[in-house]
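For reference, the structure discussed in these notes is given below.
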Amino acid sequence: AAKANGGDQYQLFDPELAAASARKLKLENGLRRAAERNEFVLHYQPQVELESGRIIGVEALARWVHPELGLISPYEFIPIAEETGEIISLGRWVVKTACKQLREWQDQGHHLVMAINVSPIQMKRLKFPGFVASELKKNGLSPEALEIEVTESLMQNLDESKRIFNDLKELGVKISIDDFGTGYSSLSVLGAMPIDHLKIDQAFVRFMDTNPKLRPIVKTIIQLGENLGVELIAEGIEEQHIAEELTAYGCRYGQGYLYSRPVPPEEIVRMIEQEHAV
Ligand code: C2E
Ligand code: MG
Ligand code: MG
Ligand code: MG
């Protein structure tokens, strides 16, 4: 790539770079129509109580099935949607779809907590707490069944975020800091926000065995959560011995490929029914 050649050796045409920007342009344009064409789907990843392995909730994760390019990862399309502003309507669709799904599960007798990811951009531009309140009401859901996940790294305007969070808190929904430990303002965020859960970033959990420095960091985050009186959810648990270790350190909840990848909603029901059968 042009960049790798160093600043003084820019090529006039870089085919790799050209392909990347063509793809990005395609995604930018596609995003505008994706919702009305029903190209988004939500998959759900179980959140479990580590000690029992019991499913207590799910995290809704957006997927985009592009008509030409196939399945696009949210790691790729969410940042683009944030840039173009499409995140506002996508975010609305996520809230609506997740609430409808939760209603359906409750009607089937499955009482789960639904965690959704919300972009700070979306939180600020919509009248977000009011929108959430109306979707809950529309579906006859109690607010405790909904959990809002936000990444700390993007909460730059603390005062504004604090107001929004306080409104959500008043509404009764749960608030969770996603990817904890990888942002810039971890500790000041914790001091200022009414937080219910901390999610330990998978970057720490997944590599505990390979990088010996990560274990003390994980332990410290768990201690911090305990001292603050917030629940901890470890992300990216791929192995049983890691789950056991985390439990021993005092972390009660987790999610990861060990339990399940994100799956379509029918799969969640299947897993819960299997749980009840044993
Ligand atoms: P996140 O909220 O931190 O979600 C966790 C990501 O880690 C998910 O990737 C999940 O599939 C993956 N994961 C879970 N367990 C494991 C594991 O054991 N090992 C490994 N290697 N990975 C695991 P996914 O679904 O690709 O989502 C990526 C990110 O995109 C999410 O990170 C979230 O920040 C964002 N995102 C996804 N859906 C939405 C959405 O509806 N709205 C917004 N604003 N962001 C979303
Ligand atoms: Mg999340
Ligand atoms: Mg995360
Ligand atoms: Mg993340």
Side-chain angles (χ1 to χ4, degrees), residues 27 31 34-35 39-48 50 55 57-65 71-101 113-126 128 131-132 135 146-155 174-183 186 195-210 218 221 232-243 246 253-264 267-268:
L27 295 181
L31 268 177
E39 290 168 6
F40 293 121
V41 286
L42 286 184
H43 281 185
Y44 302 88
Q45 185 177 39
Q47 298 188 325
V48 307
L50 295 177
I55 299 173
V58 295
E59 175 177 9
L61 293 155
R63 271 92 186 89
W64 179 16
V65 188
L71 193 70
I72 315 286
S73 158
Y75 285 123
E76 186 172 15
F77 72 78
I78 295 287
I80 299 176
E82 286 178 336
E83 259 174 54
T84 62
E86 269 329 296
I87 193 71
I88 306 292
S89 60
L90 171 57
R92 287 177 79 92
W93 177 85
V94 170
V95 174
K96 281 174 176 287
T97 307
C99 285
K100 261 190 262 169
Q101 184 61 66
V113 172
M114 173 73 76
I116 59 173
N117 294 281
V118 176
S119 162
I121 297 170
Q122 176 194 354
M123 282 239 272
K124 287 173 192 176
R125 281 227 239 137
L126 270 176
F128 187 71
F131 171 67
V132 170
E135 288 306 309
L146 194 70
E147 188 165 312
I148 309 283
E149 294 190 4
V150 191
T151 54
E152 41 158 348
S153 54
L154 289 166
M155 292 190 292
K174 297 273 189 296
I175 297 167
S176 169
I177 300 298
D178 207 347
D179 303 338
F180 183 75
T182 58
S186 324
I195 288 156
D196 300 287
H197 294 114
L198 277 190
K199 297 190 76 176
I200 309 171
D201 195 76
Q202 51 167 294
F204 300 121
V205 177
R206 280 172 60 206
F207 305 109
M208 264 164 67
D209 281 334
T210 39
V218 168
I221 296 175
L232 290 139
I233 305 177
E235 295 190 274
I237 302 176
E238 294 183 350
E239 292 176 75
Q240 183 60 38
H241 80 273
I242 297 287
L246 290 165
Y253 303 104
Q255 60 190 100
Y257 294 172
L258 172 66
Y259 305 99
S260 169
R261 289 180 181 255
V263 292
E267 276 292 300
I268 294 291

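Nothing fancy with the numbering, it's 1 onward along the sequence. Counting starts at 1 for both ligands and their atoms, in listed order.
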(message) Distance under 4.0 Å to a non-hydrogen atom of Gln45: what atoms of ligand 1 satisfy this?
(response) 14 (C), 15 (N)
(message) Any carboxylate oxygen within less than 4.0 angstrom of a Lys/Arg side-chain nitrogen, looking at Lys199 and Glu59?
(response) yes
(message) Is there a polar contact between ligand 1 and Pro74, counting only N or O atoms under 3.5 Å apart?
(response) no
(message) Could you tell me, atom by atom, which parts of ligand 1 come under 4.0 Å of a heavy atom of Glu238?
(response) 17 (C), 18 (O), 19 (N), 20 (C), 21 (N)
(message) With a heavy-atom distance limit of 4.0 Å, tell me whether Leu258 approaches ligand 1 through its side chain, its backbone, both, or neither.
(response) neither
(request) Heavy-atom distances under 4.0 Å are what count here, so tell me which part of Ile237 touches ligand 1: side chain, backbone, both or neither. (result) backbone
(message) With rounding to 10 degrees, what does the angle Asp179:OD1 / the Mg ion (ligand 3) / Glu235:OE1 come to?
(response) 100°
(message) When you measure from the Mg ion (ligand 2) to the N, O or S atoms of Ser176, does any of those distances fall below 2.8 Å?
(response) no
(message) By the definition side chain to side chain contact (heavy atoms under 4.5 Å, CB included), identify the one residue from Thr182, Val205, Ile233 that meets it with Ile200.
(response) Val205
(request) Indicate, as side chain, backbone, both or neither, the part of Asn117 found under 4.0 angstrom from ligand 1 when only non-hydrogen atoms are considered. (result) both
(request) Flag the pair Asn117 / Ile78 as yes when at least one side-chain heavy-atom distance between them is below 4.5 Å, and no otherwise. (result) no
(message) If you measure every N or O of Gln122 against every N or O of ligand 1, does any of those distances drop under 3.5 Å?
(response) no
(message) One pair to check against side chain to side chain contact (heavy atoms under 4.5 Å, CB included): Trp64 and Leu27. What are the steps and the verdict?
(response) CA-CA 10 Å; Trp64 179 16; Leu27 295 181; 3.7 Å; yes
(message) Please determine whether Glu149 has a backbone or side-chain N, O or S atom lying under 2.8 Å from the Mg ion (ligand 2).
(response) yes
(message) Just so I know, are the side chains of Ser260 and Glu267 near enough to count as touching, which here means a heavy-atom distance under 4.5 Å?
(response) no
(request) Could you tell me which atoms of ligand 1, counted from 1 in the order shown, lie closer than 4.0 angstrom to a heavy atom of Gly236? (result) 16 (C), 17 (C), 18 (O)
(request) Determine, step by step, whether Glu239 and Leu258 satisfy the side chain to side chain contact (heavy atoms under 4.5 Å, CB included) criterion, reporting the C-alpha distance in whole Å, the side-chain angles of both residues, the deciding distance to 0.1 Å, and the verdict. (result) CA-CA 6 Å; Glu239 292 176 75; Leu258 172 66; 5.8 Å; no
(request) Tell me which part of Glu235 gets within contact of ligand 1: side chain, backbone, both or neither, using heavy atoms under 4.0 Å. (result) side chain
(request) Find out whether Phe40 and Val94 are in side-chain contact, i.e. whether some heavy atom of one side chain is under 4.5 Å from a heavy atom of the other. (result) no
(request) State, with a plain yes or no, whether a side-chain heavy atom of Arg92 is found less than 4.5 Å away from one of Phe128. (result) no
(message) Is the contact between Pro262 and ligand 1 made by the side chain, the backbone, both, or neither, using heavy atoms and a 4.0 Å cut-off?
(response) side chain
(request) Kindly confirm whether the Mg ion (ligand 2) is within less than 2.8 Å of some N/O/S atom in Glu59? (result) yes
(message) Are Gln122 and Leu90 packed together at the side-chain level, in the sense that at least one heavy-atom pair is separated by less than 4.5 angstrom?
(response) no
(request) Give the numbers and elements of all ligand 1 atoms closer than 4.0 Å to a heavy atom of Asp178. (result) 1 (P), 2 (O), 3 (O)
(request) Report the part of Arg261 (side chain from C-beta onward, or backbone N, CA, C, O) that has a heavy atom under 4.0 Å from ligand 1; answer both or neither where that applies. (result) neither
(message) Quick check: Gln255 and ligand 1, any N/O pair under 3.5 Å apart?
(response) no
(request) Tell me which part of His43 gets within contact of ligand 1: side chain, backbone, both or neither, using heavy atoms under 4.0 Å. (result) neither
(request) Please could you name the atoms of ligand 1 that Val94 approaches to less than 4.0 Å, counting only its heavy atoms? (result) 41 (O)
(request) For the Mg ion (ligand 2), find the closest N/O/S atom belonging to Asp178 and write down its atom name. (result) OD2
(request) State the atoms of ligand 1, each with its element, that fall below the 4.0 Å cut-off from a heavy-atom position in Gly256. (result) 15 (N), 18 (O)
